[in-house]
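In the text below, chain A, chain B and the rest are named by the order of the sequence lines, each starting its count at 1.
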Number of protein chains: 2
Amino acid sequence: MKNKREAILQATLELITTNGIHATPMSEVAKQAGVAAGTIYHYFESKTELINDLYAVLKQRMGEALMQNTEGQTSVKDRFFRFWLNLYGFFVQNPKEFDFLENYAQSPVVSEDVKKANEVHYSPVIAFLAEGIQKGVLREMPVALMTALVYGNVVAAAKLHLYGGFPLQPAHLQQAMQASWDGVRIN
Amino acid sequence: MKNKREAILQATLELITTNGIHATPMSEVAKQAGVAAGTIYHYFESKTELINDLYAVLKQRMGEALMQNTEGQTSVKDRFFRFWLNLYGFFVQNPKEFDFLENYAQSPVVSEDVKKANEVHYSPVIAFLAEGIQKGVLREMPVALMTALVYGNVVAAAKLHLYGGFPLQPAHLQQAMQASWDGVRIN
DNA sequence: TGTAACCGAATGAACGTTCGATTGAAGATG
DNA sequence: CATCTTCAATCGAACGTTCATTCGGTTACA
């Protein structure tokens with residue numbers, strides 16, 4: 001039964017994002033998942049491991065969303081916009097996942113090992129930006145910095161849309177993407 | 001004695017940022033602050049109120065840092081860079097404060113009321129950006145969106161510097177600020 | 001002498017985890 | 001096809017610990 005494992009992870013995500021880690025007891029997770037408390041320990045060694053596993057699962061999903069339809073041989077600009085929208089779309093369509101990743105990812109409960117191991121999901125983007133720089137389309141700048149700036153923009157836009165009481169219209173999205181692009185492109 | 005109150009807040013900040021909320025018992029806060037457990041309840045009604053007070057104190061400090069030397073009648077661009085550096089400097093010089101504000105601010109422990117009440121500290125920046133738009137120097141764009149994008153950049157840069165294993169040199173900072181600026185300025 | 005600040009042991013609730021018992025399905029045996 | 005064996009999956013009460021908070025008493029100062 002993969003269902004139960006999935007149900008436990010889902011319940012954990014929902015409870016943690018609405019109540020916080022310190023206020024989601026395992027008993028509550030069990031109830032929400034439709035499972036006995038002891039059963040959780042059949043799938044996860046501890047509460048900490050449960051949370052770390054959840055982090056890994058969500059990071060992977062985010063990575064998959066990020067990569068959708070990025071194979072074509074279009075321009076750097078088009079691919080930049082595609083990545084941007086992919087990430088934004090994932091965040092906005094998966095608010096709980098976004099919430100968890102943003103707010104609990106760098107909390108001390110998630111181990112450094114797990115974080116490191118999940119950086120893989122970004123590597124195609126890193127490569128893409130490096131290529132853009134090498135082609136002379138993007139600015140000379142450490143790729144790490146460029147990634148951070150753009151990622152920061154996407155996160156900012158998603159937060160504004162989801163929590164900021166300011167639902168972004170397509171026109172706003174266009175402005176936001178353009179701002180990101182103008183910040184890293186040459187000229 | 002204002003000292004004890006201050007010591008308790010400081011201890012709370014340090015323990016929460018290194019261990020997380022769920023792993024900082026009041027007994028530990030007391031020990032670190034050099035105070036008896038009961039004394040904390042002389043200054044704060046509960047753990048929740050303690051955390052909310054800490055949030056308010058830190059937000060205010062951030063607001064003060066943000067405003068330093070922004071009175072002069074220089075160009076929009078100069079003032080933009082000044083705000084940017086003020087915020088970045090505060091984050092980098094106060095890593096614990098930054099950590100707390102970024103990671104626990106929107107956790108469910110901090111009440112919505114307190115968050116709303118502390119939005120005041122941003123208002124001069126909002127006004128500045130609105131003025132820049134009206135002068136035709138900054139793009140036509142909702143101020144909320146512009147604020148979010150730029151703030152997102154500053155946070156991203158600070159995180160990269162502090163946690164990303166990529167200490168930003170002055171040249172990098174210049175690139176980051178320029179990217180932010182190019183994203184919102186006209187042309 | 002009164003009162004605000006302070007102490008820290010005690011309290012009671014809540015929590016993560018354990019464990020012995022139960023179930024059910026998948027072979028194995030006859 | 002019936003019966004037996006096995007073991008992973010599941011349950012939930014119980015355990016031991018930890019924690020936020022209380023409170024009766026003490027200190028220090030005005």
Side-chain angles (χ1 to χ4, degrees), chain A residues 1-58 100 103-105 107-114, chain B residues 1-58 100 103-105 107-114:
Chain A
M1 287 272 168
K2 206 75 178 194
N3 300 9
K4 296 237 157 125
R5 189 169 216 280
E6 196 51 48
I8 293 166
L9 285 169
Q10 186 64 32
T12 306
L13 173 64
E14 274 163 24
L15 288 171
I16 284 186
T17 51
T18 61
N19 304 328
I21 287 180
H22 76 292
T24 84
M26 294 295 260
S27 56
E28 211 56 36
V29 172
K31 191 189 292 182
Q32 172 110 2
V35 144
T39 304
I40 298 179
Y41 291 84
H42 194 74
Y43 293 95
F44 305 94
E45 226 172 48
S46 64
K47 189 179 183 181
T48 297
E49 208 206 69
L50 168 59
I51 292 171
N52 276 271
D53 276 17
L54 177 58
Y55 174 83
V57 166
L58 297 187
F100 182 87
N103 298 316
Y104 299 97
S107 121
V109 258
V110 176
S111 81
E112 289 303 323
D113 292 346
V114 174
Chain B
M1 288 272 166
K2 206 75 178 194
N3 300 9
K4 295 230 157 130
R5 189 170 217 278
E6 196 49 50
I8 293 165
L9 285 169
Q10 186 63 33
T12 305
L13 174 62
E14 275 163 24
L15 287 171
I16 284 187
T17 51
T18 62
N19 304 328
I21 287 179
H22 78 292
T24 84
M26 294 297 260
S27 57
E28 209 59 34
V29 172
K31 190 188 292 179
Q32 171 110 1
V35 143
T39 304
I40 298 179
Y41 290 84
H42 194 74
Y43 293 96
F44 305 95
E45 224 172 51
S46 64
K47 188 179 183 180
T48 297
E49 209 208 66
L50 168 58
I51 291 171
N52 276 272
D53 276 18
L54 178 58
Y55 173 83
V57 166
L58 297 187
F100 181 86
N103 297 316
Y104 298 98
S107 118
V109 257
V110 177
S111 80
E112 289 303 323
D113 293 344
V114 175

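- Separating the CG atom of Asn3(A) from the P atom of dA9(D) is a distance of 13 Å, rounded to the nearest angstrom.
- Residue Lys4(B) has no polar side-chain atom (N or O) positioned under 4.0 Å from OP1 or OP2 of dA5(C).
- Side-chain contact check for Phe100(B) versus Ile16(B): some heavy-atom pair is nearer than 4.5 Å.
- Looking at Lys47(B) and Val109(B), their side chains never come closer than 4.5 Å, going by heavy atoms from C-beta outward.
- Taking 4.0 angstrom as the limit, Tyr43(A) places a side-chain polar atom (N or O) nearer than this to OP1 or OP2 of dT10(D).
- Among Leu9(A), Ile8(A), Leu15(A), the single residue meeting the side chain to side chain contact (heavy atoms under 4.5 Å, CB included) criterion with Thr12(A) is Ile8(A).
- Between the CD1 atom of Ile8(A) and the C1' atom of dT10(D) there is a distance of 11 Å, given to the nearest Å.
- Between Phe44(A) atom CZ and dT10(D) atom C1' the separation is 15 Å, expressed in whole Å.
- For the pair Leu13(A)/Gln10(A), a side-chain contact is recorded, criterion being any heavy-atom separation below 4.5 Å from C-beta on.
- When each of Gly38(A) and Ala36(B) is assigned the nucleotide of DNA chain C bearing its nearest heavy atom, the one mapping closer to the 5' terminus is Ala36(B).
- Taking side-chain N and O atoms only, His42(B) has a distance below 4.0 Å to OP1 or OP2 of dA5(C).
- Taking atom CD of residue Glu49(A) and atom C1' of nucleotide dT17(C), one finds them 14 Å apart after rounding to whole Å.
- Residues from residues 14-33 of chain B placing a heavy atom under 4.0 Å of any atom in DNA chain D, listed by number, are Thr24(B), Pro25(B), Met26(B).
- Comparing Thr39(B) and Lys47(B) by the nucleotide of DNA chain D whose heavy atom lies nearest to each, the residue mapping closer to the 5' end is Lys47(B).
- Rounded to whole Å, atom P of dT22(D) lies 13 Å from atom CD1 of Ile40(B).
- No side-chain N or O of Gln32(B) forms a donor-acceptor pair with one of Glu28(B) less than 3.5 Å apart.
- Enclosure of atom CD in Glu49(A) by more than 12 non-hydrogen atoms of other residues, nucleotides or ligands within 6.0 angstrom is indicated.
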